[in-house]
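What follows is a short report on a single structure.
Every chain is numbered from 1 and lettered A, B, ... according to where its sequence line falls, protein lines coming before strand lines.
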Number of protein chains: 2
Amino acid sequence: MGMRSDSRLARMLHVLVHMALLGGRETSERIAEMLNTNPVVVRRTLGALRDHGIVASEGGRGGGWKMAKGLDEITVLDVQRALDAGPILPAATSSDHPSCPVERASNAVLTAAHAAAEARLVEIYATTTLAEIARTAMATAKGEA
Amino acid sequence: MGMRSDSRLARMLHVLVHMALLGGRETSERIAEMLNTNPVVVRRTLGALRDHGIVASEGGRGGGWKMAKGLDEITVLDVQRALDAGPILPAATSSDHPSCPVERASNAVLTAAHAAAEARLVEIYATTTLAEIARTAMATAKGEA
DNA sequence: CTTTCTGTAACACCATTTGTTACGGAAAGA
DNA sequence: TCTTTCCGTAACAAATGGTGTTACAGAAAG
């Protein structure tokens, strides 16, 4: 039951596409089945997307979750930012002797390389909408039938 | 005393440049002071570099660590690979319903984006030698004097 | 008032780096 | 030979952050 890595972004892309294709309202219970997990995990994670206007939630009988935007209005980057405002790729520098020029030069190289990689990642995230993922999924499903 | 993130690469770049600039042999004790940590941590981490021919170690009185290559023969990628043979950036996909076309399409987007970012990172790592880091450090130190 | 929802708090679990203590073994020097 | 100085390793605790669960509180519909 441990953690292998952070799968929140992948799970949210997955579930958002499903919700849009299904069209109506879905409960945390049903979404948890899609993600093979627990309803509380769903509320926690979808809650972050609600706070960023991607989905809307309603409590009480007949409540649940629905899309607040169309799939073509949501990019992968939007979802990523809703889950975590910070940098996507961790810095990986050291701070053992902050005044040491050698440590500073090493950190500078790593920071620059990291920034370049993150820029590439953000570029792709920002230009990929969930609508494209939905199209790919439907094409794959049709090809398999 | 806990773990913030993986600083092994940054620390190894730092210490390798110092070792090369000092020229001779260094003990784990002295290197631990450079990294503000414990000698056992140094043996553990430098041990991985030794297994990849970057440094050499010798036990017993007068022993210690020395460079096995010149700074201009070692790239950041060499050090990274010595520390970890796997991919640098974790996959971040989900595997809740491996046969679901939507999950597969989501994972495919993330995997492709990740691969592009890692390619950029590797490109920079592979073309940056420790000699360049040493030059930057010395230029910075001179500028500060 | 009961049922069905979301919203949280409060935990235990896992994986991984890090820090630390405690040895064993090898090499050099007295 | 005995001592000192090294590396090599095992073993264990701490910190971290997503995850899985249980347990309630609150709100809305019937």
B/V79 side chain reached by B/I74 side chain, heavy atoms, under 4.5 Å:
yes
Calculate the interatomic distance between A/D51 atom CG and C/dT8 atom P; express it in whole Å.
8 Å
Steps toward side-chain hydrogen bond (donor to acceptor under 3.5 Å, both in side chains) verdict (A/S28, A/W65)
CA-CA 7 Å; A/S28 302; A/W65 303 84; 2.9 Å; yes
Examine C/dA15: is either OP1 or OP2 under 4.0 Å from a nitrogen or oxygen in the side chain of A/S5? Give yes or no.
no
Give a yes/no answer on whether the side chain of B/R11 brings an N or O atom under 4.0 Å of OP1 or OP2 in C/dG19.
yes
Would you mind building the protein contact string for nucleotides 2-10 of chain D? One character per nucleotide, 5' to 3', B for base within reach (heavy atoms under 4.0 Å), S for sugar-phosphate only, - for untouched.
--BBBBBBB
Length of the CG-P vector between B/L83 and C/dT17, whole Å:
10 Å
Charged N to carboxylate O under 4.0 angstrom, A/R30 versus A/E33?
no
Whether A/E58 and A/K66 form a salt bridge (side-chain N of Lys/Arg under 4.0 Å from carboxylate O of Asp/Glu) is what I want to check.
no
Atom pair CG (A/D78) and CE (A/M12), whose distance is rounded to the nearest 0.5 Å:
15.0 Å
Can you check the A/L46 CG to C/dG7 P distance for me, whole Å?
9 Å
Rounded to whole Å, CG of B/D6 lies from P of C/dA15 at a distance of 17 Å
What pair of heavy atoms forms the shortest contact from B/E132 to B/T127, and how long is it?
OE2-O, 3.4 Å
A/R8 has a side chain; which of D/dG18, C/dT20, D/dG20 sits nearest to it?
D/dG18
In whole angstroms, the gap separating P of D/dA14 from CG of B/N38 amounts to 16 Å
